[in-house]
Amino acid sequence: IGTSFMHNCYSFNQPLTFPSGLSSIGDNFLYNCFVFNQPLTLPSGVSSIGDNFLYNCYVFNQVLTLPSSLRGIGNYFMYLCYAFNQVLTLPSSLIGIGNYFMYYCTAFNQVLTLPSSLIGIGNYFMSNCYALSTIIWNASVYPTGNNSLSQGINTKTDSTYGAGIKVYGTKRAELMSALPNRTSSPYRKLINGGS
């Protein structure tokens, strides 16, 4: 699938069926498809997703199934997908995630596991995901920008988890060292949840 397949199809909201031989999805696949809200299952064999895959899909809140063959996710993967709150499984084949991954997915509060296969993560990783409370970090690479896993303000007051994101996984300590807590904007607090 080439560039800008459904770019600016503002009112499109029908099921999409992908051919089994599909190997890659270009930039701007569902860019500005504001009302799109259908399940998406990418077929086995897709190895790369370009930039702006679900950019500005404000109401999208359906199951998104990524194939085990996926190796790269481009920039702005789910940028401003405010409503999205479904389990998202990152495959063990994944080696790269671009900038602004799930930026402002404000409703997302599922446990997200970062696989050990990752060798690159862009800036603004999960920035302003206000509802996020748990992440499992098994990757040996860490985002470096202050805005990764951060929020504009402290929005968490849950007495069990404290005001922040609870971190589990084999590389949790390294992540917390790479992204130290911040008490000013952008606010960030990472809590060691143990192995």
Side-chain angles (χ1 to χ4, degrees), residues 27-28 30-34 49-61 64 72-90 94-115 118-195:
D27 296 344
N28 309 323
L30 284 165
Y31 189 108
N32 285 344
C33 291
F34 301 128
I49 297 172
D51 295 344
N52 308 317
F53 178 66
L54 284 164
Y55 189 108
N56 281 351
C57 291
Y58 302 133
V59 302
F60 179 72
N61 189 25
L64 173 59
I73 294 174
N75 299 317
Y76 302 96
F77 174 63
M78 295 188 76
Y79 187 86
L80 303 181
C81 290
Y82 299 123
F84 183 72
N85 190 26
Q86 301 290 326
V87 172
L88 182 65
T89 301
L90 300 180
L94 190 63
I95 62 172
I97 294 174
N99 296 320
Y100 295 93
F101 178 79
M102 298 189 77
Y103 181 81
Y104 266 103
C105 289
T106 53
F108 185 75
N109 190 23
Q110 303 295 324
V111 177
L112 186 70
T113 300
L114 277 293
L118 278 172
I119 60 174
I121 297 176
N123 292 322
Y124 289 86
F125 175 81
M126 304 200 78
S127 177
N128 287 316
C129 291
Y130 293 122
L132 181 68
S133 59
T134 305
I135 195 164
I136 300 174
W137 204 276
N138 295 325
S140 297
V141 63
Y142 317 98
T144 57
N146 280 329
N147 290 285
S148 292
L149 289 171
S150 69
Q151 302 172 351
I153 57 174
N154 173 20
T155 59
K156 295 189 177 67
T157 57
D158 185 283
S159 61
T160 301
Y161 294 105
I165 299 170
K166 207 161 193 178
V167 183
Y168 295 90
T170 58
K171 299 296 183 178
R172 66 192 180 283
E174 291 86 347
L175 172 68
M176 295 173 69
S177 177
L179 290 176
N181 290 336
R182 294 176 57 92
T183 57
S184 60
S185 183
Y187 173 89
R188 179 177 61 241
K189 183 176 181 182
L190 303 180
I191 302 165
N192 192 335
S195 62

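Sequence positions, counted from 1, serve as the residue numbers for this chain.
- Atom CG of Leu118 is separated from atom OG of Ser140 by 9.5 Å, given to the nearest 0.5 angstrom.
- Judged purely by atom type and a 3.5 angstrom limit, Asp51 has no side-chain atom pairing as donor or acceptor with the backbone of Gly74.
- When all heavy atoms are compared, the tightest approach of Ile165 to Leu149 is CD1-O, 3.9 Å.
- For the atom pair CE of Met176 and NZ of Lys189, the computed distance is 9.5 Å after rounding to the nearest 0.5 Å.
- Going from atom CD1 of Ile119 over to atom CD1 of Ile95 covers 4.5 Å, rounded to the nearest 0.5 Å.
- Aromatic ring orientation, Tyr79 versus Tyr100: perpendicular (interplanar angle above 60°, classes split at 30° and 60°).
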Only pairs under 3.5 Å count here: list side-chain donor-acceptor contacts from residues 101-112, not counting sequence neighbours, and write none if there are none.
unit_1 : atom_1 : unit_2 : atom_2 : d
Tyr104 : OH     : Asn128 : ND2    : 3.2
Asn109 : OD1    : Ser133 : N      : 3.2
Asn109 : OD1    : Ser133 : OG     : 2.9
Gln110 : NE2    : Asn85  : O      : 3.4
Gln110 : NE2    : Asn85  : OD1    : 3.2

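- Asn138 places a side-chain N or O within donor-acceptor distance of the main-chain N or O of Thr170, the cut-off being under 3.5 Å.
- Ser150 contributes a side-chain N or O that, together with a main-chain N or O of Asn147, makes up a donor-acceptor pair within less than 3.5 Å.
- Between Thr113 and Leu90, every side-chain heavy-atom pair lies at or beyond the 4.5 Å cut-off.
- Between Met78 and Leu54, the shortest heavy-atom distance links the atoms CE-CD1, 4.0 Å.
- Remark: Asn123 CG to Thr144 OG1 distance equals 5.0 Å, nearest 0.5 Å.
- Across Ala139 and Pro115, no two heavy atoms sit closer than the pair CB-O, 3.4 Å.
- Between Tyr142 and Trp137 there is a side-chain heavy-atom pair separated by less than 4.5 Å.
- In this structure, OG1 on Thr134 lies 9.0 Å from CD1 on Ile191, to the nearest 0.5 angstrom.
- Distance alone, capped at 3.5 Å, places no donor-acceptor pair between the Arg172 side chain and the Ile136 backbone.
- Of the options Phe34, Tyr31, Phe77, a ring pair (Phe, Tyr, Trp, His ring centres under 6.0 Å) to Tyr55 is made by Tyr31 and by none of the others.
- Side-chain contact between Leu175 and Pro143: present, with at least one pair of heavy atoms (C-beta onward) separated by less than 4.5 Å.
- Side chains of Asn28 and Asn52: a donor on one and an acceptor on the other come within 3.5 Å.
- At distances below 3.5 Å, not a single donor-acceptor pair connects side-chain atoms of Gln151 with backbone N or O atoms of Tyr187.
- We find the NZ-CG distance between Lys166 and Leu190 to be 13.0 Å, quoted to the nearest 0.5 Å.
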